Amino acid sequence: QNLWPADSTTIDVSVGPHDLGEITPPENYVLSFTIKIDDGGLVFGSDDAGPFGNSIIDVTDSDNLDLASPKVSFWSDNTMYVYQSKDSSGIDSLKSTTVFEAGKTYDIVVISENSKLSLYVDGKREDHKDNIGGSPAGGVLKVGWSGGKYPPAAATISNARFAEVEVLT
């Protein structure tokens with residue numbers, strides 16, 4: 001079952017925040033979307049004060065907005081990061097090897113399965129970690145939101161899907 005709202009599969013991230021409502025994040029999931037970087041490219045802070053990140057997608061706990069399950073964002077080196085909370089004991093992160101360029105389109109897939117987290121860009125696995133944290137019991141799905149920490153990314157996502165995956169044993 002796709003947990004991403006059917007009427008919001010294409011979203012201009014840059015005009016966020018977009019609150020797509022409450023969901024129950026599955027422990028084993030696939031998050032996939034196509035992202036087109038705006039022609040002007042990604043924009044970050046121009047001095048040491050930052051901000052150094054751009055928000056894309058947050059699945060966060062309704063009661064503790066610092067929990068990420070997952071959080072997807074760009075960093076100032078134009079790479080993508082995926083964060084997954086380890087309950088309340090820290091956070092794991094993955095980093096793309098792809099450097100995202102202005103005007104280009106990319107297919108993104110994040111898979112969390114059996115405590116393993118993987119990031120794919122255009123069909124290539126770019127990072128992977130074992131023993132990652134679980135998902136909160138309840139949550140909210142947000143696009144272009146980071147609780148005021150980072151501005152929304154200058155990009156549009158389409159074909160968005162967030163669904164539970166069946167784990168084969």
Side-chain angles (χ1 to χ4, degrees), residues 2-4 8-11 13-14 16 18 20 23 25-38 41-42 44 51-61 66-87 89-136 139-147 149-168:
N2 189 1
L3 300 173
W4 198 281
S8 300
T9 58
T10 298
I11 299 176
V13 179
S14 66
H18 304 277
L20 303 186
I23 61 170
E27 187 167 339
N28 298 297
Y29 65 82
V30 59
L31 169 65
S32 62
F33 56 95
T34 300
I35 189 162
K36 182 191 182 292
I37 309 304
D38 290 356
L42 300 170
F44 303 95
F52 304 108
N54 283 170
S55 174
I56 305 170
I57 297 171
D58 284 84
V59 178
T60 187
D61 186 285
D66 289 330
L67 290 178
S69 186
K71 172 186 177 59
V72 182
S73 61
F74 288 117
W75 202 242
S76 58
D77 59 358
N78 286 8
T79 58
M80 180 177 284
Y81 277 77
V82 177
Y83 300 95
Q84 178 85 22
S85 296
K86 292 179 82 112
D87 301 317
S89 63
I91 197 161
D92 286 315
S93 65
L94 302 180
K95 180 182 178 183
S96 71
T97 56
T98 297
V99 175
F100 290 78
E101 298 178 38
K104 295 203 173 179
T105 301
Y106 305 86
D107 290 317
I108 307 300
V109 178
V110 177
I111 299 173
S112 175
E113 184 176 21
N114 286 336
S115 299
K116 296 173 175 41
L117 188 65
S118 299
L119 169 63
Y120 295 82
V121 178
D122 291 335
K124 178 184 169 232
R125 188 169 84 171
E126 298 205 355
D127 201 359
H128 173 84
K129 269 201 178 135
D130 292 337
N131 301 315
I132 55 102
S135 296
V140 289
L141 174 60
K142 296 183 180 262
V143 174
W145 173 90
S146 67
K149 294 179 184 177
Y150 304 113
T156 299
I157 59 172
S158 59
N159 306 313
R161 182 172 182 269
F162 184 57
E164 185 169 10
V165 294
E166 185 176 332
V167 177
L168 302 175

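Keep in mind that what you see is a predicted model, and the values were worked out from it rather than measured.
No side-chain donor-acceptor contact under 3.5 Å links Asn2 to the backbone of Ala163. Under a 3.5 Å cut-off, the side chain of Asp127 and the backbone N or O of Lys95 do form a donor-acceptor pair. Without hydrogens or angle criteria, Glu126 side chain to Thr97 main chain gives a donor-acceptor distance under 3.5 Å. A donor-acceptor pair under 3.5 Å is formed between the side chain of Ser112 and the backbone N or O of Glu27.
Checking Val121, Thr79, Asn78 one by one against Thr98, the side chain to side chain contact (heavy atoms under 4.5 Å, CB included) holds for a single residue, Val121.
Scanning all heavy atoms of the two residues, the minimum distance from Asp38 to Ser14 falls at OD2-OG, 4.2 Å. When all heavy atoms are compared, the tightest approach of Pro70 to Leu31 is CG-CD2, 3.9 Å. For the residue pair Arg161 and Trp4, the shortest heavy atom distance occurs at CA-CB, 4.1 Å. Taking every heavy atom of both residues into account, Ile56 and Ala153 meet most closely at CG1-CB, 4.1 Å. For Gly41 against Ala154, the heavy-atom pair with the smallest separation is O-CB, 3.5 Å. Residues Asn28 and Asn114 come closest through the heavy atom pair OD1-N, 2.7 Å.
Between Asp122 and Lys104 there is no salt bridge, since no side-chain N of the basic residue sits under 4.0 Å from a carboxylate O of the acidic one.
The NE2 atom of His18 lies 10.0 Å from the OG atom of Ser55; values are rounded to the nearest 0.5 Å. Once rounded to the nearest 0.5 Å, the distance linking CE of Met80 with CG of Leu119 reads 7.0 Å. Note: Phe33 CZ to Ile57 CD1 = 4.0 Å, rounded to the nearest 0.5 Å. The structure places CG of Asn159 at 6.0 Å from OG1 of Thr10, a figure rounded to the nearest 0.5 Å. We find the CG-OG1 distance between Leu20 and Thr9 to be 10.5 Å, quoted to the nearest 0.5 Å. For the atom pair Asn54 CG and Ser73 OG, the distance stands at 8.0 Å (nearest 0.5 Å).
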| task | Let me see the working for Ile37 and Glu101 under side chain to side chain contact (heavy atoms under 4.5 Å, CB included), right down to the final yes or no. | result | CA-CA 7 Å; Ile37 309 304; Glu101 298 178 38; over 6 Å; no

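Contact check for Pro26 versus Leu3: side-chain heavy atoms found under the 4.5 Å cut-off.
Asp107 and Thr34 share a side-chain donor-acceptor pair at under 3.5 Å.
For residues 94-130, the pairs satisfying ring-ring contact (aromatic ring centres under 6.0 Å, His included) are Phe74-Phe100, Phe100-Tyr106, with sequence neighbours left out.
In this pair, Tyr29 and Phe162 present their aromatic rings tilted. The plane angle is within the 30 to 60° band.
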